[in-house]
Amino acid sequence: MKVLGINAIYHDPAAALVVDGRVVAAAEEERFSRRKHGKRPLPWSAWELPELSAAWCLAEAGIRPEELDAVAYSFDPGLMVTPEETGLFDDGDTMRKRYAEMAPDFLAHALPGLDPAKVHFVKHHVAHAASAGKAAPQRDNAVLVLDGRGEAHSHLAGRYVDGQLEILAGQSLPHSLGLMYEELTDHLGFLRSSDEFKVMAMASYGKPRFLGELSELIRATDDGGFRTERIDFTEFAPRLGRGDDWTEAHADLAASVQQRLEEVLVDLARWVHARTGEKTLTMAGGTALNCVANTRILAESPFEEVWVQPAAGDAGTALGAALHVAAELGERTEPMPGAALGRGWSDDEIQRWLDTAAIDYERPDDVAEAVAEVLADNGIVAWFQGRSEYGPRALGHRSLLAHPGFEANLERMNDVKGREQFRPVAPMVLLERAPEIFSRGPIPSPYMLFVHDVAEEWRERIPTVTHVDGTARIQTIDPATEPLVHRMISAFERRTSLPVVVNTSLNTAGRPMVDDPRDALECFGSAPVDLLAIGPFVVRRPRRTPRP
Ligand SMILES: [Fe+2]
C-alpha cells in the first residue's frame with residue numbers, strides 16, 4: 001500500500017511517503033524551493049502544493065503517481081465553519097476553503113497520472129495527532145495537539161490504543177494558544193508563524209512580572225480545553241518594528257506569556273493523563289516545538305515519558321496524514337525510523353558535485369577524525385552527512401559545528417549565520433556522557449525538543465552552549481543510530497576531553513537549511529567556515545587573514 005501525504009494549506013508545505021506501513025521519505029518543500037517555510041501562510045497561497053518534495057518522495061521510492069493507493073491531504077475543507085463562526089473573522093478562510101476543495105485537481109495536475117478521486121481529506125489535527133501518536137515508538141499513548149489553528153479548532157486531546165485514535169477534547173476557535181503566541185511574536189517585531197522560537201529565547205532574559213494579569217486571560221478549563229481572551233500587549237510593552245531594540249519590559253512580557261503558556265500546557269497534560277492513565281504523552285502542533293514548555297510538561301505532569309514529533313509544525317502533518325490514511329485502508333503502520341527522512345547522496349554523486357565545482361578536496365582516512373582535528377583547533381565545520389532532517393532542527397546531518405569551550409564562539413556562530421546575538425546555540429553530546437553533564441530534561445533526547453540544566457561544574461567548560469539561564473537544548477548522540485556523528489564527537493573528546501560539540505543548522509539567516517551538495521558548496525563559499533565535511537570528503541578554506 002502506497003500513501004503520499006501532503007501539507008499545503010498554511011505554511012511549511014511538505015510531502016511524506018508511507019509504503020506498506022513504513023515511512024520511507026519525508027521532506028519540506030523549502031529544502032527544494034530554497035524559500036524559507038515554503039511560502040507565507042496567506043489565503044491566496046493556500047493552493048500552492050509541495051510539488052518538488054512530492055515528486056522527490058515518489059522518485060525516491062520508484063513509484064509513479066498512478067501507482068499510489070491514496071493521497072492524504074492534511075486539511076478537510078468540509079469541516080470549516082464561516083469566518084464569523086470561528087470568531088476570527090478571517091475573510092481569507094473563504095478562499096482557503098475553495099482552494100482546499102480544489103486540491104485533488106491541483107494535485108492531479110502536479111502529479112500527472114494521479115487519479116483525483118484517490119485524494120483523502122484528513123482533519124488537520126487528526127493529521128498532527130497521527131504524526132505524534134502513530135509515529136512514536138510507544139504504540140499506546142495519550143496525545144496532545146497544540147496548534148495555531150486547524151479547520152475550526154486549535155487543539156486536540158486524545159489517545160491511541162492499538163493504533164486507533166480516540167478524541168477526548170478539542171478546543172474550538174477563536175481560542176488558540178498558538179495564535180496567541182504568534183500575536184506576541186508579531187508584537188515583538190518578529191515574523192509571525194516563523195520566529196516564535198525567538199520569543200522563547202527572549203523570555204529567558206526577562207522576569208514574569210505580568211503573570212498575575214495574564215492568568216485570567218489565558219487559562220485551562222475543566223473540559224480539557226482552555227480560554228485565550230484577546231490581550232492588548234501594548235498595555236505591557238510597546239509594539240516593536242522589525243529589527244527594533246527590545247527593552248526589559250519586552251523581555252518581561254515574553255517571560256510572562258511563556259510562563260503562563262507552560263502552566264496551561266501542564267494543566268492540559270494533567271487532564272489528558274487523568275482521562276487516559278497512559279504512561280506516555282505524545283505531542284505535535286507548532287506549540288510543541290516550545291522545548292521549555294515540553295520540559296515542564298515532562299517534569300510536572302504525571303506522564304513518565306513525553307515524545308514530541310520532530311516536525312511538530314505543519315510540515316509534520318504530511319507524515320501524519322499519510323500514516324492515518326494508511327491505517328484507515330487497513331495497513332498496520334510502524335513508528336517513524338528517525339528524522340533523517342530527506343534527500344541523501346552516494347559518495348560518487350558527491351564527488352561529481354565537487355568535481356563540477358572545480359574545488360580542491362581531499363578524502364581523508366576518516367572524515368570524523370579530520371573534522372575533530374579542525375574543531376579542536378577552534379575551527380568551524382560545515383557537516384553534510386547522510387539524509388537530510390525532516391523538521392526545523394539540524395540533528396547531525398546538515399549542521400554547523402564548533403568548539404563549545406570558548407564563550408566567544410556564540411557570537412562567532414551567530415555572526416557566521418547572520419542572526420541575533422541573543423539566540424543560543426545548542427550542544428550535541430555523546431549519549432553515554434550526557435547524564436553527568438545535563439539534568440532535568442529527558443535523556444536520551446535525540447530531537448532537541450527539551451531543555452536541560454547544565455551541571456554547575458560544566459558551565460565554564462562548555463560556555464558556548466550554556467544559555468544565560470544555565471540551560472542547554474541538547475541532542476544526545478546514540479552510537480547505534482548515529483555512528484558517524486558519535487565517532488566524530490568521540491574523536492573531539494580524545495583531543496579536548498569534552499564529549500560535546502556546538503551544533504546549529506547549516507544555513508545562513510533567512511535561508512532554509514542546506515539540503516543538497518550544491519547548497520552546501522554555496523553556503524560554504526559565502527560563510528567564513530574552515531572546513532566542509534561532505535560525505536567522506538573534506539574541503540578546506542584557504543585563508544588570507546588569520547582566523548579569529
Ligand atoms: Fe497545524
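For ligands, and for the atoms within them, numbers begin at 1 and follow the listed sequence.
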Which atom, counting only N, O or S, brings Asp314 closest to the Fe ion (ligand 1)?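 Looking only at N, O and S atoms of Asp314, the one nearest the Fe ion (ligand 1) is named OD1.
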Tell me, which N, O or S atom in Asp147 is closest to the Fe ion (ligand 1)?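 Going through the N, O and S atoms of Asp147 one by one, OD2 ends up nearest to the Fe ion (ligand 1).
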Exercise: do Ser45 and Glu48 side chains pair donor with acceptor under 3.5 Å: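 No, Glu48 and Ser45 have no side-chain donor paired with an acceptor closer than 3.5 Å.
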Do Ser33 and Lys39 have side-chain N/O donor and acceptor atoms under 3.5 Å apart?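 Per modelled atom types, Ser33 and Lys39 side chains form no pair under 3.5 Å.
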Which one of His153, His175, His155 satisfies the ring pair (Phe, Tyr, Trp, His ring centres under 6.0 Å) criterion with Phe226?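 Considering His153, His175, His155, a ring pair (Phe, Tyr, Trp, His ring centres under 6.0 Å) with Phe226 is found only for His155.
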Report, rounded to 10°, the angle at the Fe ion (ligand 1) between the two atoms NE2 (His128) and NE2 (His124).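 Value returned, to the nearest 10°, is 90°.
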Residue that, paired with Glu182, satisfies side-chain contact (heavy atoms from CB on, under 4.5 Å) out of Ser194, Ser193, Pro41: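 Filter result, single survivor: Ser193.
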